[in-house]
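Okay, structure first, notes after.
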Amino acid sequence: MNTSVSSLTAFPLEVIIEICWQLEAPQDRLNLVCCSRQFHKIFLPLLYQKLWVGGDLLRPIVQLSETLAKNPSLAACVEAVHLSAWETEQGTHEADFEKALRLHKEYPAIDGEDEPYDWSLDESVRLDRIDYGPLYEQAQRVTRSTDKADFWLDALQIGSGDAWIALLLTFLPNLRRLEAEFPFGSLWLHFVMRWAATRDVISLPAASFPPISEAYVDWSPHDICICAEHVMPFFLLPSMRRFYASDLDGSVTGGDDELSRSTPIYGTSSVTHIEINGCNGRWNLFKVIGSCKSLQSFKYNHRGCLDYKPTELYGALLPTRETLDTIWLDIKGGYNRHDDDHKCDDALPSFRDFTVLKTLHLRLGNLPVLKERESDMSLAQALPPSIETLQIADTGNVGDLQDFAQKLQDHVGNGLESTPALTQIDFKPLSNSAEVSALVESMTTICAKADMKFRVCGIPGGRTDWGAAGFAPRPSRPAKIDRF
């Protein structure tokens with residue numbers, strides 16, 4: 001088959017575009033853009049729909065920022081950005097912006113020097129040859145303050161990758177999804193998001209920060225930092241709807257920043273979906289939950305048993321009982337033996353008042369239906385009529401599993417009318433012992449009598465995992481990233 005440019009142009013436009021989407025590597029798409037003027041016109045906007053930027057070198061960040069500043073039509077094409085961990089060594093290390101600004105005004109020398117740098121720290125960019133005019137104008141539009149814009153400009157001129165990344169995002173009026181791998185010491189993106197979130201402090205024009213509706217926040221695998229100071233501004237952005245995060249750490253003292261402590265946020269966030277896959281709990285998660293006025297889905301995996309307090313999470317979720325359709329409360333990793341003072345096995349109260357709840361995922365020890373618990377009750381008392389799928393993660397206590405099997409049998413015999421929508425129970429056993437296998441077989445038979453599926457998940461050797469009801473996968477980068 002002739003694969004010349006002329007033969008490709010003979011295909012319908014939608015077919016040509018589909019060919020472009022089948023090219024996973026950005027470099028391959030860029031090659032397609034360079035084939036002809038017609039392809040350049042068709043594919044250049046598609047090339048910019050999702051961008052990958054960041055990393056150790058400042059040069060690609062600077063080049064992309066300059067390109068977007070000079071080409072608003074290209075900037076308008078960007079719908080998603082993946083930020084790899086970027087350099088944060090240069091510039092301010094003061095987390096309080098107003099204090100950092102005061103220090104800058106008192107000591108105007110740039111990073112202790114009398115003159116701006118000629119080269120970036122990594123020697124990839126000639127900083128003295130950059131046209132800062134359009135960049136400074138953008139900083140003024142965002143801050144509406146000459147002092148703040150001057151401070152930002154100085155950070156750009158000394159090659160602060162953190163300041164460049166923050167400015168880059170302000171050029172993207174249609175950005176919807178942000179994937180950010182925060183490096184230790186990142187501050188400027190946090191500053192700009194705070195300005196966008198607190199309009200009573202600085203009145204920002206609508207176009208000065210993108211209308212991000214979906215964010216996936218990750219942390220550098222090499223440098224773990226306090227997460228709370230970065231997380232809270234996401235929940236204050238009026239456009240934000242879905243927030244995903246993995247492996248978050250908070251400080252022992254709480255990790256709240258000044259904004260989190262001073263801003264009344266209860267019931268003010270528009271976030272409807274939260275997924276946090278791995279967290280030590282040492283930050284004000286309950287304040288984050290309380291900020292969401294119409295939360296529909298909450299999925300949380302705690303990292304280890306320490307500081308996992310499911311009853312407190314239940315209390316934080318209770319005000320959203322009329323909107324939540326998915327609840328997932330579990331522990332990421334193994335279930336280690338621990339002292340009795342741990343709260344991870346506390347039985348939860350009834351979910352009967354969660355009137356639209358469809359999917360409930362709990363550890364076996366947290367079910368409110370087990371014997372010898374203060375909250376012992378039947379499944380009919382514990383589950384709402386709206387429940388469709390119950391997911392249970394085994395914790396290794398065979399006695400608890402026996403109790404649950406009996407409760408399930410009682411429910412099939414006498415309580416099905418209280419949960420008319422329940423059609424599936426997923427169970428992830430901790431072991432393949434003969435005793436557990438016998439109980440699993442028994443529960444499978446019990447559910448079959450009621451035309452319910454009893455699905456065994458995640459056992460060694462295969463079968464299925466939690467599937468679509470699990471967590472969103474961590475965003476991945478292409479094998480080769482184009483340098484702009």
Side-chain angles (χ1 to χ4, degrees), residues 244 246-247 275-279 297-306 308 310 313-314 325-338 342-348 351 357-371 373 379 382-383 387-409 411-412 419 422-448 450 452-474:
Y244 307 87
S246 63
D247 294 328
E275 288 192 18
I276 301 176
N277 190 11
C279 178
S297 175
F298 181 79
K299 297 181 180 180
Y300 179 76
N301 269 342
H302 196 84
R303 189 164 62 244
C305 293
L306 185 63
Y308 181 54
L313 281 170
Y314 175 95
D325 62 37
T326 300
I327 296 177
W328 176 303
L329 303 177
D330 203 346
I331 292 177
K332 184 178 182 179
Y335 308 118
N336 299 324
R337 294 188 178 276
H338 49 70
H342 278 229
K343 304 295 184 182
C344 61
D345 287 330
D346 287 354
L348 297 175
F351 288 85
L357 187 63
K358 296 181 179 179
T359 300
L360 177 62
H361 177 110
L362 296 174
R363 301 172 68 239
L364 179 62
N366 300 135
L367 286 174
V369 298
L370 301 180
K371 292 181 179 179
R373 305 291 180 97
L379 281 171
L383 301 176
I387 194 72
E388 297 177 359
T389 301
L390 176 63
Q391 297 184 331
I392 304 164
D394 191 7
T395 55
N397 188 322
V398 177
D400 284 348
L401 186 56
Q402 290 172 337
D403 288 346
F404 175 73
Q406 183 61 53
K407 294 286 186 178
L408 180 60
Q409 183 170 345
H411 186 69
V412 169
T419 57
L422 182 61
T423 58
Q424 182 168 312
I425 296 177
D426 296 340
F427 178 72
K428 185 175 182 179
L430 195 61
S431 71
N432 287 330
S433 68
E435 197 169 8
V436 170
S437 297
L439 287 168
V440 167
E441 189 65 31
S442 172
M443 289 186 288
T444 302
T445 303
I446 292 170
C447 287
M452 282 194 298
K453 295 180 181 178
F454 188 85
R455 198 172 64 127
V456 180
C457 306
I459 65 172
R463 293 207 235 177
T464 127
D465 212 333
W466 300 113
F471 283 74
R474 297 175 94 166

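Both backbone and side-chain heavy atoms feed into the values below; hydrogens, waters and symmetry mates do not.
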Identify the heavy atoms of [X] and [Y] that sit nearest to each other, and give their distance.
| X | Y | result |
| --- | --- | --- |
| P429 | D394 | CA-CB, 3.7 Å |
| L367 | A347 | O-CB, 3.8 Å |
| C305 | I331 | SG-CD1, 3.9 Å |
| K332 | G278 | CD-CA, 3.9 Å |
| Y308 | D330 | OH-N, 3.5 Å |

By side-chain contact (heavy atoms from CB on, under 4.5 Å), which residues pair with A405, not counting sequence neighbours?
-> L439, M443
side-chain contact (heavy atoms from CB on, under 4.5 Å) partners of E435, counting only residues at least two apart |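 Partners of E435 by the side-chain contact (heavy atoms from CB on, under 4.5 Å) criterion, ordered by chain and then number, come out as V398, Q402, S433.
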Of the options N366, L360, L313, which is the one that meets L329 in a side-chain contact (heavy atoms from CB on, under 4.5 Å)?
->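 The single option meeting the side-chain contact (heavy atoms from CB on, under 4.5 Å) with L329 is L313.
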F454: partners by ring-ring contact (aromatic ring centres under 6.0 Å, His included), with sequence neighbours left out |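 By the ring-ring contact (aromatic ring centres under 6.0 Å, His included) rule, F454 matches no residue at all.
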By ring-ring contact (aromatic ring centres under 6.0 Å, His included) - contacts of F404 (at least two apart) |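 For F404, no residue satisfies ring-ring contact (aromatic ring centres under 6.0 Å, His included) once neighbours in sequence are set aside.
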Rounded distance (nearest 0.5 Å) linking atom [atom1] of [X] with atom [atom2] of [Y]:
| X | Y | atom1 | atom2 | value |
| --- | --- | --- | --- | --- |
| Q424 | M452 | CD | CE | 10.5 Å |
| I387 | T359 | CD1 | OG1 | 6.5 Å |
| L390 | F427 | CG | CZ | 11.0 Å |
| L362 | I327 | CG | CD1 | 8.0 Å |
| I392 | L408 | CD1 | CG | 8.0 Å |
| K453 | D426 | NZ | CG | 9.5 Å |

Residue set satisfying side chain to side chain donor-acceptor pair (under 3.5 Å) with E441, at least two apart, ordered chain then number -> none
Listed by chain and number, what are the side chain to side chain donor-acceptor pair (under 3.5 Å) partners of N301, not counting sequence neighbours?
->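 Here the qualifying residues are N277, W328.
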Lys/Arg N to Asp/Glu carboxylate O, R363 vs D345, below 4.0 Å | yes
Electrostatic pair K358:D325 at N-O distance under 4.0 angstrom |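 So K358 does not pair with D325 through a salt bridge.
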How far apart are the C-alpha atoms of C457 and Q391, what are their side-chain angles, what is the distance that settles it, and do they pass the side-chain contact (heavy atoms from CB on, under 4.5 Å) test?
-> CA-CA 10 Å; C457 306; Q391 297 184 331; over 6 Å; no
Can any side-chain N or O of S442 pair as donor or acceptor with the backbone N or O of A438 at less than 3.5 Å?
->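 The answer is no, because no donor-acceptor pair under 3.5 Å joins these two groups.
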